[in-house]
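Residue numbers start from 1 in every chain, and the chains themselves are labelled A, B, ... in the order their sequence lines are given, proteins ahead of strands. Predicted, not measured: the structure shown is a model, and the values here were computed from it.
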Amino acid sequence: MSIDLVAIENKWNEEWLNKRIFEAEVIDNKKPYMIVPAFPYVNGNLHIGHIRTYTTADVVARYKRMRGYNVLYPIGFHATGTPIVAVAERLANNDQDMIKQLKNDKIPEDVIQKMRDPIEIVNYFIPRQLEAFKRYGMSIDYRRQFVSIEPLFSKFIEWQFNKLYEKGVLVKGTHYVGWCPLEKNAVGQHDTKGDVQPEIEKLVAIKFKLKDSNDYILCLTYRPETIFGATNLFINKNAKYRRVLIDNVSYIVSNESIIFVENQFNNVEVKDDVLDASSLEGKLVVNPVNNEEIPIWTADFVEPDFGTGAVMSVPMHDAFDYVYSKVYATSHGLELKPRKLIDTKELDLEKLMNEVYNEATANNSINRYIIEKYNESLYKKEFKDGILTIEPYKGMNVKEARERVKEYLLSNGYAIDYYIIANKEKVKCRCGALVVPKIINDQWFIDYGNKEWKKLAKELLDNAIIFPDKARKAFYDAAEWISLRAAERSNGLGTRFPFNKDHIIESLSDSTIYMTFYTYVHILRDKKIRPEQLSFEFFDYVINGIGDPETVSEKTGIDISTLKSIRESFSYWYSYVHRHSGYDLIPSHLTMAVFNHALILNRENWLKVLSVNGYVIANSEKMSKSLGNVLLALDMADKYGADVVRLAVAAGANLFSEYDFTDVVVNGIKESVQFLFDLLDNISSMNETKLKAIDYWLYSKLNRKIKEVTEYMESLELREAYVRAFYESINELKRYIHFNGNNPVVITEFLEKLALLLNPIMPHVSEELWHRLGNESFASLESWPTPNEELIDDSIEAMMDIIDSNVEDIKRLTSMLAKKNKSYKRIEIYIAKKELYDIYNSLVENINPEELKNKYSNYASIIDNYTKKLKKGGMRLKLDKSMIYELMEGYKEHLRSILNTDIVILDSDNAAIRDDKMALPDKFKIRIQE
RNA sequence: GCAGGGGUGGCAGAGCCUGGUCAAAUGCGACGGACUCAAGAUCCGUUGGCCUAGUGCCUACGUGAGUUCAAAUCUCACCCCCUGCACCA
């Protein structure tokens, strides 16, 4: 009968919750293990990608629980930050895309209407996400849930930031953000058209002083080192230019770039007069590095809305500059003297530039596409292989020279830093305005660049176990790389920034040591403790053990015993914390968690284990809300069963690889589960009581499996573990049946152990199997099976291998006969004489072959052959004739059905049998009866 | 650009650390067969190319070069893909 996975799941989920078996309390003499996956952000329903992460955590939780640890698996909800507010705002603006997305997410129409209020979004998704957690049988202690925007938690965050301040890592500074000049808002990825992240890049803008004037023409450049070869400047003939004072220095930039200047510099004054390009054309400017006077020319490739609307022209090292300069010079009867500054082997610049020029101007107009193509490869080559040929940079490679020249220009006031949005396509705010870089002054930062702090963080990493091992490098790398990080932002949900109450605490920073909250939040609720009671003294005491309960009690009004139990709960659970997350969060969340733990928490409370897993993609495509191909957790549970999905997503791929969720694979798992239950139903019809060879084989496989799976579980190699625990088990059971295995005791034991091995990944199936096998207890609370090493029998497994290779020979033989159209009545299989097995086993035991030859003189050549084989390392294990005979007898029926012919197993020791060509211990004799 | 991870047969994915036993585990898919009224499940076989069909030959593990008696495996260079890159969770 087809198994109803959904019914089983519901039954056990209810049982587990009713019996509260996953609610964890402090048990003094039991080792704690707290596993914390990243809490989900509550702006949508959980999808199978989430399920991968939470199942991986659950596998750890269940496994460790079965290994005798006191396990705490808590969950909370993340709501701080901007995305939720952004959704609400977009709904308030009647954004149709947003509405469509929510509809894809199966949100009812009336709920969508209400979601204009961000709190409604939070309130809607929390229960939905909880439903999914429960449905998937996560072994979570649900009493400890909280939301990151609740007042109790805010108190903790305030304390955390006060700690950061005390430790001196909260610093003020300036930084640059993508900015909408129209709405006067910082724009992140979700605020832009097409959801692109505005990338801010710092370049240099070189100041060319206009001759006989106090104005500078500002030229943005990617290649400051080429300034020594500038022959002229280019501006756009059709553009308008303006004067702008930055720190009282007068610059001339295009009208379009005014907005960039205004936003990224502090002291800016824009002049009203508008200059035509023609009023500048032909004038001379001074090259600051060599005081050469060079003219301003015009060219239409200069974009007024990129950079400053003016560029320097270095004809020998830029195809645009070359082509346009030459065109301009030719048409104006001027002379062009390109100067070579960079030498690149195998690159003849003059020839190349001529080539570009001819090709690009072939049709009486200038083909920019051709120029661009040349430029691209020229830039790359010069950057990689170029060597400077001018003093004082002669002999230097381009990479180094660029840095040196930049430094020289900036320190001498010949250039200024200039920020641009680096994206290839122009980035626009949802309102339609062009996004610009904006300087933010007096912004609070967390200084993750602090050397002392970095050292502490690395110490934490040094002492942490990291899964998969491959990720370790990424963690160190991220720790090295992370520097200043904004600590506050202007909008979103969350805790007010203590040092600037107009702002909200940046929401990655408020989810770094939040896990500490799980250890006592249920006590706060039980005792009805109010937010205002959670003073800094409270957290100092609970988290850092500072102060005494009496004083803190007086301060907070929380009674002493409650305080003590909170402190105890924290120090118990937080003595062993395993943090799990998606691998994309290594450079952000996880690294920040590492740093904050290292700085704020006592050493004994540092994170002990860090692990990450990869993405889930669906049918080879990335899941995305806007594409509408997100596979929702609850839908998939209905369709395939929660356990099937769990196995697929959490054990289908290595931790570090992405998993491709496809129908075929998942259906395959479902069928295999069905097989297990079918087998279970068949046990009642099995009646063998004696242990046969095949039973020993199955025992051997089972115990080897337990041993291997345990090893893989310890290193969190879930795929390897469950290939063995699930897929291989099923193959072995099938094989057992093919060999006529029918011992109910053996099968029952196998299935019982299997049920336990499967518990971490398929808890419902496990629990159901366990109970159907007659057990009363919860499989989820049983001990992890231990292998019985004595039952691991290499010999019996070797015998099965020998049978395999012999069966293969038989199959080959019959297929040959079939090809030749020869018919036969039956196949006789001869098992070698006892004497030969004795010889074989003696040789395996390293008995001197010569001795054996004396004893068995008529088998001398056989002894020689086996001695050779033994030397090659071919045979190692003793063979038991009676077992091989018995195994073959058991396999006879199955073989008969495969080959569709009569099979007879014969014993060469039986005198009645004519034995012209000898059967060998590892090579049966096969005779076809025609 | 910087950093991390990769490129293996129709697909997924092991193996590469510790070179040979690797035409490359395992799973899936596809094809053929058995069973079935039929479908599914199950079982058996084929699944780089070639033919003389042999435990045969050729070509293969991103590309090129090198080390070696021997390279998917070691070294170097190159190409390509994925992920992250700052206020965004």
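- Taking atom CD on A:Glu717 and atom C1' on B:A14, their separation rounds to 12 Å, with Å as the unit.
- Aromatic ring pairs are classed by plane angle as parallel below 30°, tilted from 30° to 60° and perpendicular above 60°; the pair A:Tyr659 and A:Phe661 is perpendicular.
- A salt bridge between A:Glu225 and A:Arg404 is absent, with no side-chain N of the basic residue lying under 4.0 Å from a carboxylate O of the acidic one.
- Legend: residues meeting ring pair (Phe, Tyr, Trp, His ring centres under 6.0 Å) with A:Tyr727, ordered by chain and number and at least two apart, are absent.
- Nucleotides B:G1 and B:A23 place their C1' atoms 41 Å apart, quoted to the nearest Å.
- B:U21 is unpaired under the Watson-Crick or G-U wobble criterion, no partner having all donor-acceptor distances under 3.5 Å.
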Using atom types as modelled, flag every donor-acceptor pair under 3.5 Å from a side chain in residues 647-655 of chain A to any protein atom, sequence neighbours excluded.
none

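- When heavy atoms are screened at a 4.0 angstrom cut-off, A:His78 is found touching the sugar-phosphate backbone but no base atom.
- When the C1' atom is used for both B:G29 and B:G4, the distance is 33 Å, rounded to whole Å.
- Between A:Arg896 and A:Glu893, at least one side-chain nitrogen of the basic residue sits less than 4.0 Å from a carboxylate oxygen of the acidic one, meeting the salt-bridge criterion.
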Within the sub-3.5 Å range, which N or O atoms of nucleotides 4-6 of chain B have a protein N or O partner, and how far apart are they?
from: B:G4; atom 1: OP1; to: A:Lys473; atom 2: NZ; distance (Å): 3.0
from: B:G6; atom 1: OP1; to: A:Lys470; atom 2: NZ; distance (Å): 3.1

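- Between A:Lys701 and A:Glu728, none of the side-chain N atoms (NZ, or NE/NH1/NH2) sits under 4.0 Å from a carboxylate O, so this pair counts as no salt bridge.
- Distance, A:Ile200 CD1 to B:G1 P: 21 Å, rounded to whole Å.
- Atom CZ of A:Arg472 is separated from atom P of B:C17 by 22 Å (rounded to the nearest Å).
- Both distances falling under 3.5 Å, in either a Watson-Crick or a G-U wobble arrangement, occur for no nucleotide opposite B:U68.
- With P as the reference atom, B:U52 and B:C74 are 40 Å apart, rounded to whole Å.
- Within the 4.0 angstrom heavy-atom criterion, only backbone atoms of the sugar-phosphate kind lie near A:Asn654; the bases stay farther away.
- Look at B:U83: its Watson-Crick or wobble partner, with both distances under 3.5 angstrom, is B:A3.
- Ring geometry for A:Tyr891 against A:His894 counts as tilted: the plane angle lies between 30° and 60°, on a 0 to 90° scale.
- In this structure, A:Val187 reaches the sugar-phosphate backbone alone: every heavy-atom distance under 4.0 Å involves primed, P, OP1 or OP2 atoms, never a base.
- B:A86 atom P lies 7 Å from atom CD of A:Glu199, rounded to whole Å.
- When ring centroids are compared, A:Phe656 and A:Tyr583 come within the 6.0 Å threshold.
- Between the CD1 atom of A:Ile617 and the P atom of B:C11 there is a distance of 14 Å, given to the nearest Å.
- The interatomic distance linking A:Ile149 (CD1) with B:A89 (P) rounds to 14 Å, in whole Å.
- Residue A:Phe39 is tested with A:His580, A:His78, A:His589 for a ring pair (Phe, Tyr, Trp, His ring centres under 6.0 Å); the sole match is A:His78.
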> When you check every protein heavy atom under 4.0 Å of nucleotides 22-31 of chain B, what one-letter string (B, S, -) results, 5' to 3'?
Replying inline: -----S-S--

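- The P atoms of B:G7 and B:A72 are separated by 15 Å, rounded to the nearest whole Å.
- Separation of the A:Tyr712 and A:Tyr722 ring centroids does not fall under the 6.0 Å cut-off.
- Distance A:Ile482 CD1 to B:A3 C1': 14 Å, rounded to the nearest Å.
- A cation-pi contact, defined as under 6.0 Å to the ring centre and within 45° of the axis, is absent between A:Lys172 and A:Phe445.
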Report each atom pair, protein N/O against N/O of nucleotides 36-46 of chain B, whose distance is under 3.5 angstrom.
from: B:G45; atom 1: OP1; to: A:Lys811; atom 2: NZ; distance (Å): 2.9

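- Nucleotides B:A14 and B:A3 place their C1' atoms 27 Å apart, quoted to the nearest Å.
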For nucleotides 81-85 of chain B, list the nitrogen or oxygen atoms of the protein found under 3.5 Å from its nitrogen or oxygen atoms, one pair per line.
from: B:U83; atom 1: OP1; to: A:Lys622; atom 2: NZ; distance (Å): 3.3

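- Nucleic acid contact class of A:Leu484 (heavy atoms, under 4.0 Å, all strands): base.
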